[in-house]
Amino acid sequence: QVQLVESGGGLVQAGGSLRLTCAASGRTFSTYAMGWFRQAPGKEREFVARINWSGSITGYADSVKGRFTISRDNAKITMYLQMNSLKVEDTAAYYCAATPFGYADGDRSNYAYWGQGTQVTVSS
């Protein structure tokens with residue numbers, strides 16, 4: 001069992017930066033693939049970024065590629081999402097997710113564990 005807690009959301013102006021943190025519990029965290037998803041009001045939850053168990057393989061949605069960076073520190077049992085050059089359309093609740101498989105794609109159905117989310121609001 002893995003429990004996930006996100007933090008780091010907030011209000012930021014367009015062009016600004018935020019770093020989200022996902023703190024995990026559970027001794028098997030280092031073997032799990034992880035991901036970030038987001039959900040804006042009235043929209044479906046969508047894939048943002050993913051990272052394999054070791055951090056050597058990452059993937060991004062086209063909408064955030066070149067602006068967001070996903071990383072993890074298995075020693076600290078923590079995952080991060082560095083978000084730069086934020087846009088108004090990045091406004092959403094951001095969720096971290098984990099899967100017992102060491103590698104995962106962007107399909108949210110492949111992720112078994114979810115955090116409660118942290119709100120990111122980007123103003124113009």
Side-chain angles (χ1 to χ4, degrees):
Q1 188 81 12
V2 174
Q3 293 183 325
L4 306 172
V5 178
E6 304 95 335
S7 62
L11 174 64
V12 63
Q13 286 191 326
S17 299
L18 283 174
R19 188 175 81 155
L20 304 184
T21 298
C22 176
S25 65
R27 293 175 293 176
T28 55
F29 172 83
S30 62
T31 65
Y32 284 34
M34 304 286 292
W36 286 99
F37 292 76
R38 66 186 182 187
Q39 187 168 17
K43 295 187 177 181
E44 290 191 355
R45 193 169 298 187
E46 64 175 7
F47 165 73
V48 175
R50 56 178 171 82
I51 189 166
N52 75 326
W53 68 276
S54 67
S56 62
I57 301 173
T58 59
Y60 299 91
D62 288 343
S63 59
V64 306
K65 201 171 294 183
R67 299 188 297 121
F68 291 11
T69 302
I70 188 171
S71 61
R72 66 190 294 164
D73 185 336
N74 286 343
K76 295 183 178 180
I77 321 179
T78 304
M79 178 179 66
Y80 307 96
L81 185 67
Q82 178 65 43
M83 305 186 296
N84 298 329
S85 302
L86 282 161
K87 304 176 180 180
V88 172
E89 50 264 43
D90 294 319
T91 295
Y94 282 71
Y95 299 87
C96 67
T99 173
F101 301 104
Y103 174 84
D105 58 18
D107 185 344
R108 65 176 189 243
S109 67
N110 291 331
Y111 293 80
Y113 304 102
W114 292 84
Q116 294 300 305
T118 185
Q119 179 67 35
V120 172
T121 302
V122 184
S123 64
S124 58

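Only heavy atoms go into these numbers, but all of them, side chains included; no hydrogens, no water, no symmetry mates. Everything numeric here is computed off the predicted structure, so don't read it as measured data.
Atom CZ of Arg50 sits about 7.0 Å away from atom CG of Asp105, to the nearest 0.5 Å. The distance from atom CG of Asn84 to atom OG1 of Thr69, rounded to the nearest 0.5 Å, is 6.5 Å. One distance of note links CG of Asn74 with OH of Tyr32; it measures 12.5 Å at 0.5 Å rounding. Once rounded to the nearest 0.5 Å, the distance linking CH2 of Trp53 with OG1 of Thr99 reads 15.0 Å. The line from CE of Met34 to CG of Leu4 is 5.0 Å long, rounded to the nearest 0.5 Å. Remark: Ile70 CD1 to Tyr80 OH distance equals 12.5 Å, nearest 0.5 Å.
Cluster annotation: Val122 is connected to Phe68 through the hydrophobic network of ILVMFWY side chains, with a link wherever side-chain heavy atoms come within less than 4.5 Å. Linking ILVMFWY side-chain heavy atoms closer than 4.5 Å, directly or via other members, places Tyr113 and Trp36 in a single hydrophobic cluster.
Applying the 6.0 Å contact sphere to NZ of Lys65 captures more than 12 heavy atoms from other residues, nucleotides or ligands. Counting non-hydrogen atoms of neighbouring residues, nucleotides and ligands closer than 6.0 angstrom, the CD atom of Gln3 reaches no more than 12 such neighbours. When the shell of 6.0 Å around CZ of Phe101 is examined, it contains 12 or fewer heavy atoms from other residues, nucleotides or ligands.
With salt bridges taken as basic N to acidic carboxylate O contacts below 4.0 Å, none links Asp90 and Lys87.
For the pair Val48/Met83, no side-chain contact is recorded, criterion being any heavy-atom separation below 4.5 Å from C-beta on. Residues Arg45 and Trp114 are in side-chain contact: their nearest non-hydrogen atoms beyond the backbone lie under 4.5 Å apart.
Glu6 contributes a side-chain N or O that, together with a main-chain N or O of Cys96, makes up a donor-acceptor pair within less than 3.5 Å. Panel note: side chain Thr91, backbone Thr121; no donor-acceptor pair is recorded below 3.5 Å.
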Step by step, work out the side-chain contact (heavy atoms from CB on, under 4.5 Å) result for Tyr94 and Gln39. CA-CA 7 Å; Tyr94 282 71; Gln39 187 168 17; over 6 Å; no

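In summary, the side chains of Asn110 and Arg108 do not present any donor paired with an acceptor at a separation below 3.5 Å, with no hydrogens or angles considered.
Taking the ring centroids of Phe47 and Tyr60, they lie at or beyond the 6.0 Å cut-off.
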